[in-house]
Undergrad: 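The structure follows.
Predicted model only: the values in this text are computed from it and were never measured. Residue numbers run from 1 in the order of the sequence given.
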Amino acid sequence: MAGLLFVYSDPGSAVSQEEFNDWYDNEHVPLRIPIPGFQSWSRWAAADGQRPAYTAFYDLSTPDVVAQPAYAGLADTRSEREKSILSRIALLDRRTYKLHEPVYPPKAGDAYDSAKPGSYISVVEVDVKQEPGIEEDFNKWYDEEHIPMLAKVPGWVRSRRFVLVNSGATGTEAKADEKPTKYLTIHEWEDPDASSKEEFKAAIETEWAKKTVANATRFKVRMFKLWKSWERQ
């Protein structure tokens, strides 16, 4: 089953934006491009003024890729620059997910290119009440009503859902006792104004949607703009 490595990051006050982005763009991500099982590489900057200020995600052939020596061994070969940045950084929050199926087809169908994602993403993190039938209904709503309705919003590109496998965070602002939500959804958009469209409002105002949101114990939405994407040469 396909997987995803999703990483929130924030340089904080002890690492400059210039230093952080130079390291991330020219050292950190490039080291992951040749790793077998890594299939896409992209970074995103917050478009909502919130923190963490950045996220990155990498499509994986399976979630187990991160346990293989080619990736896990990177921790043993860090440069002096990377060691220094990681000792000062506010947050590096790594999460591994498995892809939730079925997957709704992207707007472009088979022509979709993961190296050229939508210019914006909304990231939705959710936990639901652990009561009989609620989680099943949540997944049914998302798969059968919510994403099909979002696909009608002008500017929609693609939506995918993921289920948490494991996680770990480091940094001066990392919270060891705060576990990520079980469910993650990434919606790709051509522009950041999707939520103002009538079709979007219709998707979140159905009776099923209202019932589902009422059953959520944690619900968080973030918006990011594409910073950079990479391709394997």
Side-chain angles (χ1 to χ4, degrees), residues 2-10 40-59 91 93-108 112-128 138-164 167 180-206 208-229:
L4 186 82
L5 175 59
F6 183 90
V7 186
Y8 277 127
S9 62
D10 198 296
S40 75
W41 309 261
S42 61
R43 287 190 66 210
W44 307 76
D48 54 12
Q50 299 183 48
R51 297 181 64 199
Y54 298 93
T55 189
F57 64 82
Y58 314 84
D59 284 296
L91 183 67
D93 180 354
R94 303 180 185 90
R95 308 171 182 186
T96 306
Y97 295 87
K98 61 182 179 181
L99 182 66
H100 172 86
E101 296 179 328
V103 178
Y104 196 86
K107 180 180 179 180
Y112 177 87
D113 184 354
S114 62
K116 299 175 182 177
S119 298
Y120 292 84
I121 55 171
S122 52
V123 177
V124 185
E125 301 173 68
V126 182
D127 273 334
V128 295
F138 166 75
N139 285 316
K140 188 175 182 180
W141 165 74
Y142 234 122
D143 296 338
E144 297 182 9
E145 179 183 275
H146 192 54
I147 291 180
M149 290 187 72
L150 289 180
K152 298 176 182 178
V153 178
W156 176 86
V157 176
R158 179 171 71 156
S159 295
R160 293 186 300 163
R161 301 183 59 215
F162 301 91
V163 181
L164 185 69
S167 63
T181 60
K182 179 177 180 179
Y183 291 100
L184 172 79
T185 303
I186 300 176
H187 303 289
E188 298 176 29
W189 307 96
E190 293 173 352
D191 63 70
D193 300 323
S195 61
S196 66
K197 308 287 177 60
E198 290 303 317
E199 292 87 349
F200 185 92
K201 295 175 182 178
I204 63 173
E205 292 177 355
T206 69
W208 200 357
K210 293 175 182 177
K211 182 181 72 170
T212 301
V213 171
N215 285 329
T217 57
R218 287 196 289 171
F219 185 89
K220 183 179 180 180
V221 181
R222 292 291 312 274
M223 179 68 76
F224 293 87
K225 182 179 181 179
L226 182 64
W227 175 271
K228 186 175 181 179
S229 63

Undergrad: Testing Val126, Asp143, Val124 for side-chain contact (heavy atoms from CB on, under 4.5 Å) with Arg161, which one passes?
TA: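 Checked Val126, Asp143, Val124 against Arg161; only one passes side-chain contact (heavy atoms from CB on, under 4.5 Å): Asp143.
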Undergrad: Which residues pass the salt bridge (Lys or Arg N to Asp or Glu O under 4.0 Å) test with Lys220, sequence neighbours left out?
TA: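 Counting only residues at least two positions away or on another chain, Lys220 forms no salt bridge (Lys or Arg N to Asp or Glu O under 4.0 Å).
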Undergrad: Using the test salt bridge (Lys or Arg N to Asp or Glu O under 4.0 Å), find all partners of Arg95 that sit at least two apart in sequence or belong to another chain.
TA: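 Asp93, Glu125.
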Undergrad: Is a side-chain donor or acceptor of Glu199 paired with a backbone partner of Val153 at a separation under 3.5 angstrom?
TA: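 No.
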Undergrad: Under the salt bridge (charged side-chain N to carboxylate O under 4.0 Å, His left out) rule, what do Glu101 and Arg160 come out as? Steps first, then yes or no, please.
TA: CA-CA 9 Å; Glu101 296 179 328; Arg160 293 186 300 163; over 6 Å; no
Undergrad: Looking only at heavy atoms, what is the nearest atom pair of Tyr120 and Glu190, with distance?
TA: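 So the minimum-distance heavy-atom pair works out to CD1-O, 4.0 Å.
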Undergrad: Restricting to salt bridge (Lys or Arg N to Asp or Glu O under 4.0 Å), what partner residues turn up for Glu205, sequence neighbours left out?
TA: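 So Glu205 forms no salt bridge (Lys or Arg N to Asp or Glu O under 4.0 Å) with any residue.
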Undergrad: Grab the two heavy atoms, one from Glu188 and one from Gly118, that are nearest each other, plus how far apart they are.
TA: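 The pair with the smallest heavy-atom distance is OE1-N, 3.1 Å.
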Undergrad: Quick one: side-chain contact (heavy atoms from CB on, under 4.5 Å) partners of Asn215, sequence neighbours excluded?
TA: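 For Asn215 the side-chain contact (heavy atoms from CB on, under 4.5 Å) partners, ignoring immediate neighbours, are Lys129, Ile134, Lys211.
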Undergrad: Using the side-chain contact (heavy atoms from CB on, under 4.5 Å) criterion, which residues pair with Pro105? Sequence neighbours excluded.
TA: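 Result, side-chain contact (heavy atoms from CB on, under 4.5 Å) vs Pro105: none returned.
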Undergrad: Which residues pass the side-chain contact (heavy atoms from CB on, under 4.5 Å) test with Thr206, not counting sequence neighbours?
TA: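 Listed in chain order: Trp141, Glu145, Met149, Trp208, Ala209.
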Undergrad: Tell me if a side-chain donor or acceptor on Thr55 pairs with a main-chain N or O of Val7 at a distance below 3.5 Å.
TA: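 Yes.
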Undergrad: Report the residues that fulfil ring pair (Phe, Tyr, Trp, His ring centres under 6.0 Å) with Tyr8, sequence neighbours left out, ordered by chain and then residue number.
TA: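 Tyr8: ring pair (Phe, Tyr, Trp, His ring centres under 6.0 Å) contacts with Phe6.
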Undergrad: Tell me yes or no: between the side chains of Ser40 and Asp59, is some donor less than 3.5 Å from an acceptor?
TA: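 Looking only at side-chain atoms, Asp59 and Ser40 do form a donor-acceptor pair, the distance falling under 3.5 Å.
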Undergrad: Can you list everything that forms a side-chain contact (heavy atoms from CB on, under 4.5 Å) with Pro106? Sequence neighbours excluded, please.
TA: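 Only Tyr112, Arg158 meet the side-chain contact (heavy atoms from CB on, under 4.5 Å) criterion with Pro106.
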Undergrad: Below 3.5 Å, can you tabulate the donor-acceptor pairs from side chains in residues 222-229 to any protein atom, sequence neighbours excluded?
TA:
unit_1	atom_1	unit_2	atom_2	d
Arg222	NE	Asp48	OD1	3.4
Arg222	NE	Asp48	OD2	2.7
Arg222	NH1	Arg51	O	3.3
Arg222	NH1	Pro52	O	3.2
Arg222	NH2	Asp48	OD1	3.0
Arg222	NH2	Gln50	O	3.2
Arg222	NH2	Pro52	O	3.1
Trp227	NE1	Asp25	OD1	3.4
Trp227	NE1	Asp25	OD2	2.9
Ser229	OG	Ala115	O	2.9

Undergrad: Under the ring pair (Phe, Tyr, Trp, His ring centres under 6.0 Å) test, which residues partner Tyr183, sequence neighbours left out?
TA: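 With neighbours one apart ignored, the set is Phe138.
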Undergrad: Which residues satisfy the salt bridge (Lys or Arg N to Asp or Glu O under 4.0 Å) test with Lys201, sequence neighbours excluded?
TA: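 Lys201: salt bridge (Lys or Arg N to Asp or Glu O under 4.0 Å) contacts with Glu198.
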Undergrad: Is it the case that the side chains of Ser159 and His187 hold a donor-acceptor pair, with the cut-off being a distance below 3.5 Å and no angle test?
TA: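 There is such a pair between these side chains.
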Undergrad: Apply ring pair (Phe, Tyr, Trp, His ring centres under 6.0 Å) to Phe57 and list each qualifying residue two or more places apart in sequence or on a separate chain.
TA: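 Trp44.
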Undergrad: Among Leu4, Leu164, Leu5, exactly one meets side-chain contact (heavy atoms from CB on, under 4.5 Å) together with Thr96. Which residue is that?
TA: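 For Thr96, the side-chain contact (heavy atoms from CB on, under 4.5 Å) test succeeds with only one of Leu4, Leu164, Leu5, which is Leu5.
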